[in-house]
Structure formats: C-alpha cells, structure tokens
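Presented below is the structure to which this report refers.
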Amino acid sequence: MKFARLGPLGTEAPVVVTEDGVRSLAGLTADLDAGFWESDGPARVAAALAADELPLLENAGDLRIGAPIARPGAIVCIGMNYAAHAAESGAEPPTSPVIFFKAPNTLAGPNDPVTIPKGSTKTDWEVELGVVIGKRASYLDSPADSLEHVAGFVVANDLSERAFQIEQSGGQWSKGKIAAGFSPVGPWLVTPDEIEHQKLSLRSFVNGEPRQDSSTADQIFDVATVIHHLSQYMVLDPGDLIMTGTPEGVALSGRFPYLRPGDVVEVEIDGLGRQRQEYVAFEAAE
C-alpha cells in the first residue's frame, strides 16, 4: 500500500493511494502517527478497502502533498553509508554505522519550497532511502529481526549546510543538519511488501542536470543491519524515521556548485516517487 498526507501544512489528512484513486482515511485514523502503526493500521486499511468502506477523495490532485508521516519522535540519520560518498567527503568508509540526529521540525513535504538558512553559502542535497518504524525496536537479537519492525519506506532529502556542518561544527555535524525544512520526505510511504528495498535506484538532479545515480544495493550497512545496530543504543518507536545515507554526487565533492536561490532540486527513488523543491533566500521576519 501507499500512504500519504494531503492538505495545508499542519492540517494534513491521511489517505491511501490505490489504483482507482486516492481514498480518505479520515473515518479510520486521525493521522499516520505512532498510534496508527501501533494499532496495525495497514491491516485495518486493507480490510476497509476490501469492504469498500473508504471514500474517494475527488479533489486529491489539487491538494498540497505533505510528509507521509506525522511529526516523528526522532529522525535518525546514517552518515557515509556509501563508500563512494565517503571518498568524496575525504573519509575512509566507516567500519561501524555513523549516527547523527535531525530535529523533528526539519520534516517537510516533498514539494515544499526550502529556505536557504541565514548566512548559508554551502547548502547541499542528499537523496536517501528513508525507513519508517512501525513497531518498537529495542535490543534486537539480530539483523534478521529488524524488518518486522518496519512500517514502510520513503524518499528523503537529507539537506545539509556544509560550512555549518564541518567548518563551524565544534566537533558535531548537527549545526549543518537542523535548519527548518531540511528533511523533505515523500510523496508516499510504501509498505515493505511492495518493493525490494535493497535493490532500489536513487537519483538526484539540480536544475534538471543529473547529480546522484546509485542503488541501495551499494549501501555499506543495509537496512536490517542499521535497525539492529540502532536498537542496541536507543529505543526506536513507531513513527520514527531513519535516513539511511546518500550516494556520491553532492556539492561537497567539489564537482558541483552549492545551492542558490532559484535552484530546483529533484530527488527520486524507484517505486517510492519523486520530490521537487525550489530553494529560496532567507528573509528576516518583519
């Protein structure tokens, strides 16, 4: 199944995208949040679809597409999870997953405009496979136990400000990762039964020109390993989002310019959809 959230920022409504149209989930759940995943929401939606109990949303195409998950409790990111990206960053491939966090308020819709942060000179793009947790995971016994804790997969753009991340970091990456709107996600959440998540092509484009082109098969640490590893250090709750790393082809490599106002970034993953964001200059509030 494909789940989405449509409508104005802050008042998005949950829907399921089917072959015959977009169907409202308003009578079944208030949102695609922790409660939905904890209560076996996808199974309840499947039963409602089979009984033809979910009404078509006739104006779906006119609505803004929000992030396909409600505000997560945590956004956990894996750094340098593709060897070629580690190389272009000037680092050796890690022997253990590199972990950092993004603030939940960085979450944005897939096509929302992105404000380049005040003082930024090095805003960068990163197409990534996102994993949404559907069942609490803590101290899992092995990677083989991981996938039963996954609600679904999403396209994510792990935006970064490299000067803040590296030159002004103070030893941590977070300063370059936590600006408002720096985690566009969507357009859909796709359940695990519909895709082979370790065989997905992922790509990015800036102003229509190709930048990244790789496959999740090239990850150093696959999804199952990442979830198992994280569970040894933290509790992953339903609705939490994991960004699993980006391949080579970002501006940090020195091969491409950083983003400027007016630039358009598109990122896509086969089977998970495509995003498009226009980048705008920071303007101080009056």
Side-chain angles (χ1 to χ4, degrees), residues 75-102 110 114 121-131 143 146 153-167 169 172-177 182-185 195-230 241-259 263-277 279:
I75 300 176
V76 192
C77 305
I78 307 301
M80 297 187 293
N81 199 21
Y82 292 76
H85 175 58
E88 72 177 356
S89 303
E92 292 294 323
T95 57
S96 180
V98 175
I99 299 170
F100 62 93
F101 291 83
K102 301 189 82 166
V114 176
T121 59
K122 295 183 178 180
T123 293
D124 206 349
W125 61 88
E126 295 188 2
V127 61
E128 304 201 8
L129 175 67
V131 182
S146 295
F153 299 93
V154 295
V155 181
N157 189 355
D158 174 21
L159 294 166
S160 309
E161 211 298 333
R162 302 301 190 183
F164 300 171
Q165 177 188 351
I166 299 169
E167 300 162 27
S169 68
Q172 299 286 339
W173 288 0
S174 296
K175 290 178 184 177
K177 297 287 188 175
F182 259 33
S183 300
V185 173
I195 60 169
E196 294 186 67
H197 66 275
Q198 293 298 162
K199 296 181 180 180
L200 299 176
S201 295
L202 64 171
R203 294 169 289 271
S204 66
F205 307 83
V206 178
N207 300 326
E209 298 179 357
R211 291 293 185 261
Q212 296 170 279
D213 188 354
S214 188
S215 169
T216 56
D218 294 335
Q219 289 180 338
I220 298 170
F221 306 106
D222 64 17
V223 169
T225 298
V226 165
I227 293 173
H228 171 258
H229 182 83
L230 291 174
L241 173 65
I242 303 170
M243 295 186 182
T244 61
T246 200
E248 67 172 325
V250 299
L252 181 63
S253 68
R255 293 185 286 135
F256 309 111
Y258 287 101
L259 297 172
D263 285 344
V264 173
V265 173
E266 295 168 281
V267 301
E268 64 182 14
I269 300 179
D270 287 354
L272 298 181
R274 186 180 181 98
Q275 303 182 359
R276 182 186 187 278
Q277 300 111 30
Y279 288 72

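The figures here come from the full heavy-atom set of this structure, side chains too, leaving out hydrogens, waters and symmetry mates. Everything quoted here is computed from the prediction, not taken from an experiment.
- Distance check, rounded to the nearest 0.5 Å: CG of Leu259 to OG1 of Thr121 gives 11.5 Å.
- Distance check, rounded to the nearest 0.5 Å: OG1 of Thr246 to CG of Asp124 gives 8.5 Å.
- Here the CG-NE2 distance, from Leu272 to His197, works out to 11.0 Å after rounding to the nearest 0.5 Å.
- Side-chain contact between Phe256 and Val250: absent, with no pair of heavy atoms (C-beta onward) separated by less than 4.5 Å.
- Here the CD-CE distance, from Glu126 to Met243, works out to 9.5 Å after rounding to the nearest 0.5 Å.
- Side-chain contact between Gln219 and Val226: absent, with no pair of heavy atoms (C-beta onward) separated by less than 4.5 Å.
- In this structure, Lys102 and Cys77 have side chains that are in contact, with non-hydrogen atoms separated by less than 4.5 Å.
- Evaluation of the side-chain contact (heavy atoms from CB on, under 4.5 Å) rule for Gln165 yields Ser160, Arg162, Trp173, Lys177 as partners, not counting sequence neighbours.
- With sequence neighbours left out, the ring pair (Phe, Tyr, Trp, His ring centres under 6.0 Å) criterion links His228 to no other residue.
- For the residue pair Gln275/Asn157, the side-chain donor-acceptor check at 3.5 Å is not satisfied.
- Residues passing the side-chain contact (heavy atoms from CB on, under 4.5 Å) test with Pro247 are Tyr82, Val127, Leu202, Gln212, Ser214, sequence neighbours excluded.
- In this structure, Phe182 has no ring pair (Phe, Tyr, Trp, His ring centres under 6.0 Å) partners at least two apart in sequence or on a different chain.
- The two residues Leu159 and Trp125 come nearest to each other via the heavy atoms CD2-CA, 3.9 Å.
- Across all their heavy atoms, Asn81 and Thr244 have their closest contact at ND2-O, 2.9 Å.
- Between Val185 and Ala156 the shortest heavy-atom distance is CG2-CB, 4.3 Å.
- The minimum heavy-atom distance linking Ser174 with Phe101 is given by the pair OG-O, 4.1 Å.
- Ala86 pairs by the side-chain contact (heavy atoms from CB on, under 4.5 Å) definition with Met80, not counting sequence neighbours.
- Pro110 and Pro184 get closest at one heavy-atom pair: CA-CB, 4.5 Å.
- Under a 4.0 Å N-O distance rule, the pair Arg203/Asp270 qualifies as a salt bridge.
- The side-chain heavy atoms of Val114 and Tyr279, taken from C-beta on, include a pair separated by under 4.5 Å.
- Put simply, the side chain of Glu161 gets close to the backbone of Ala163: a donor and an acceptor are under 3.5 Å apart.
- Nearest heavy atom pair, residue Gly249 against residue Arg211, reads O-CB, 3.5 Å.
- For the pair Leu241 and Val76, the minimum side-chain heavy-atom distance is 4.5 Å or more.
- Between Ile78 and Ile220 there is no side-chain heavy-atom pair separated by less than 4.5 Å.
- Atom CD1 of Ile166 sits about 13.5 Å away from atom CD of Gln172, to the nearest 0.5 Å.
- The main-chain N or O of Leu200 is found under 3.5 Å from a side-chain atom of Thr216 such that the two form a donor-acceptor pair.
- Counting heavy atoms of neighbouring residues, nucleotides and ligands inside a 6.0 Å radius, atom CD of Gln198 exceeds 12 of them.
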| What do the steps show when you test Val206 against Ser204 for side-chain contact (heavy atoms from CB on, under 4.5 Å), and what is the final call? | CA-CA 7 Å; Val206 178; Ser204 66; 5.9 Å; no
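- Here the side chains of Ser146 and Val223 are not in contact, with every heavy-atom distance at 4.5 Å or above.
- A search for side-chain contact (heavy atoms from CB on, under 4.5 Å) contacts involving Ser215 returns Ala217, Asp218, not counting sequence neighbours.
- Residue Ile227 holds its CD1 atom at 5.0 Å from CD1 of Ile242, rounded to the nearest 0.5 Å.
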